[in-house]
Amino acid sequence: MSIGYACLTLGVPFTDMKKCLIKNADEVRLNQLIAANLCALERMVDYNLRNGIKLFRISSDIIPFASSPVNSIRWSEDYAFQLAEIGRKIRTGGMRVSMHPGQYTVLNSPNAQTVENAIRELDYHALFLDSLGLDASHKIILHLGGAYGDKSLAIKRFTERYQALDDRVKARLVIENDDKIYNIQEVLETGLDNRIPVVFDNLHHQANHGGDGGGEQNWIAECAKTWGRDDGRQKIHYSQSNPRKKVGAHSLSIDIDAFLHFYENLALPKPDIMLEVKDKNISAIKCVLCTAEKGEMGALEREWGRYKYLVLEHSQAIYNQIRILLKDKSAYPAVAFYRLVEEAMRIHIPVGGAVNAATHVWGYFKDCASQRQKADFLKYIDGYAKGIVPLFSLKHKLLSLALEHKQTYLLESYYFVKLYSDALTTVDRD
DNA sequence: TGACGTCAAGATCCG
DNA sequence: CGGATCTTGACGTCA
């Protein structure tokens with residue numbers, strides 16, 4: 001059983017996917033982007049393996065405009081060496097990857113051009129995974145598509161077009177219930193009829209119920225039957241909703257107690273679990289460490305190193321509690337640790353806490369920073385305390401310093417993860 | 001015709 | 001000029 005995350009790796013430098021506008025997509029630009037994105041992918045794979053993350057979704061943006069005529073680069077040949085090397089790391093590390101074409105890849109459309117585009121897009125995804133040298137257990141996930149006023153006809157069109165796909169695509173394709181149109185019952189029927197493995201998505205299921213087939217654990221058990229010998233372990237998608245946003249929106253982070261409740265109810269053998277959550281790899285590590293059969297204290301201490309300034313700015317008291325919790329090196333209090341982290345994150349940042357944390361982080365630079373940088377920092381922290389400078393501007397200054405002075409420990413700190421700062425200022429209530 | 005979802009690029013503003 | 005902030009793009013379906 002593996003737990004993983006989708007597409008983006010937060011808090012790890014130089015893992016961003018680069019893209020461009022279609023009007024700027026000439027051969028030179030596209031080659032730059034492909035080369036940069038493959039480097040980024042390799043960094044993500046390295047990071048995942050360092051952190052025990054064995055499941056990962058590769059962004060469809062990895063090769064920009066791959067299925068469009070604007071991109072005529074023979075990337076699978078020109079970058080064969082890099083692709084093979086990344087694939088070798090994935091295989092030898094025991095990692096499983098997947099890809100998920102977006103909501104605009106619609107195989108069952110009545111529009112012939114849309115279908116042709118969808119087929120090209122699926123061919124691209126299969127070629128990418130083939131170029132990594134990975135077997136058919138590394139999947140491509142797709143939704144059934146639109147309803148067009150007649151679901152059974154639309155499913156029939158999906159089936160016909162599925163059957164006509166290239167064998168290399170068919171070997172990898174799996175289908176998933178969506179939150180609006182096709183519920184798990186309909187997807188499961190389609191999967192059984194066509195021998196296509198089915199991915200159960202719990203949040204889509206909440207939004208779009210199917211039939212009376214019992215609870216989500218029953219559906220997961222039914223979906224298990226669609227996974228054949230060459231398909232690898234069953235996969236599911238797990239996410240929690242963000243109560244501050246409209247229904248169906250993914251949560252900022254995974255609530256560990258709710259996750260463990262779900263996890264413990266899973267029948268054996270447990271499926272691979274792809275988390276769909278805003279804080280991506282950060283929640284993936286949380287769930288990996290909290291379900292580890294024999295946890296290593298070192299891994300927990302590395303996590304604490306990444307969380308500490310973030311926790312400190314929210315609550316000095318919880319910061320102190322975690323330090324005490326982690327003193328006993330013979331224990332492995334992963335769940336207790338994450339409960340405290342979550343509790344800290346629910347506390348609104350006090351000005352004093354933010355100043356305190358920023359001052360701690362500044363401590364890394366006080367010997368190496370120039371006079372100008374020092375004056376700059378003092379100006380920012382003073383401005384923040386007076387309410388003139390926003391907190392994220394102060395943090396941005398510190399992040400620039402960390403980059404310039406190559407403080408790799410700080411660069412991996414969750415203190416700088418923009419998502420957590422944004423969440424404090426963004427209110428999107430429905 | 002706009003909302004949907006997503007992220008970074010691109011555009012623009014500001015000091 | 002560099003940094004901060006706002007807008008656009010790329011896709012297809014559906015109300």
Plane angle bin for A:W304 and A:Y319 - parallel if under 30°, tilted between 30 and 60°, otherwise perpendicular: tilted

From B:dG10, B:dG5, B:dT6, nucleotide with atom closest to A:C20 side chain: B:dG10

Sugar-phosphate only, base, or nothing, as touched by A:A249 at under 4.0 Å among non-hydrogen atoms: nothing

Nearest-nucleotide pick for A:D16, side chain only, options being B:dA8, B:dC4, B:dA11: B:dA8

Whole angstrom value for the distance that separates C1' of C:dC11 from NE2 of A:H143: 14 Å

Side-chain N,O (A:R29) to OP1/OP2 (B:dG10) below 4.0 Å: yes

Between B:dT6 (P) and A:L10 (CG): distance, integer Å: 13 Å

Side-chain donor or acceptor of A:S400 paired with backbone N/O of A:H396 under 3.5 Å: yes

Closest to side chain of A:L8, choosing from C:dC11, C:dA4, B:dC7: B:dC7

Integer-rounded Å distance: B:dG5 P and A:E276 CD: 13 Å

Selection from C:dG9, B:dA8, C:dT13 that lies nearest to any side-chain heavy atom of A:L21: C:dG9

Proximity of A:H205 and A:H237 rings by center, below 6.0 Å: no

Separation of atom CG in A:L399 from atom P in C:dA4, rounded to whole Å: 11 Å

Rounded distance (Å) that lies between atom P of C:dC14 and atom CD1 of A:I181: 5 Å

Whole angstrom value for the distance that separates C1' of C:dG12 from CG of A:L107: 13 Å

Whichever of A:G149 and A:K23 has its nearest DNA chain C nucleotide further upstream toward 5': A:K23

Which residue lies more 5' along DNA chain B, comparing A:K278 with A:N24 via nearest heavy atoms: A:K278

Length of the line joining A:M17:CE and C:dA10:C1', which is rounded to integer Å: 18 Å

Ring geometry between A:F262 and A:Y238 (parallel below 30°, tilted from 30 to 60°, perpendicular above 60°): tilted

Rounded distance in Å - CG (A:L403) to C1' (C:dG3): 15 Å

Phosphate OP1/OP2 of C:dG3: any A:H396 side-chain N/O under 4.0 Å: no

Donor-acceptor pair under 3.5 Å, A:K180 side chain vs B:dC4 base: no

hbond_proxy A:Y148 side chain to C:dG12 base (donor-acceptor, 3.5 Å cutoff): no

Sugar-phosphate only, base, or nothing, as touched by A:S109 at under 4.0 Å among non-hydrogen atoms: sugar-phosphate

Listed nucleotide nearest any side-chain atom of A:Q103, set B:dG10, B:dG5, C:dA10: B:dG5

Sugar-phosphate only, base, or nothing, as touched by A:N117 at under 4.0 Å among non-hydrogen atoms: sugar-phosphate

Phosphate-side-chain proximity, A:K19 and B:dG10, N/O vs OP1/OP2 below 4.0 Å: no

Sugar-phosphate only, base, or nothing, as touched by A:G146 at under 4.0 Å among non-hydrogen atoms: sugar-phosphate

Plane angle bin for A:Y309 and A:Y364 - parallel if under 30°, tilted between 30 and 60°, otherwise perpendicular: perpendicular

Among C:dT5, B:dC7, C:dA10, the nucleotide that comes nearest once only the side chain of A:F392 is considered: C:dT5

Closest-nucleotide ordering on DNA chain C, the 5'-leading residue of A:Y104 and A:Y380: A:Y380

Ring geometry between A:F56 and A:Y5 (parallel below 30°, tilted from 30 to 60°, perpendicular above 60°): tilted

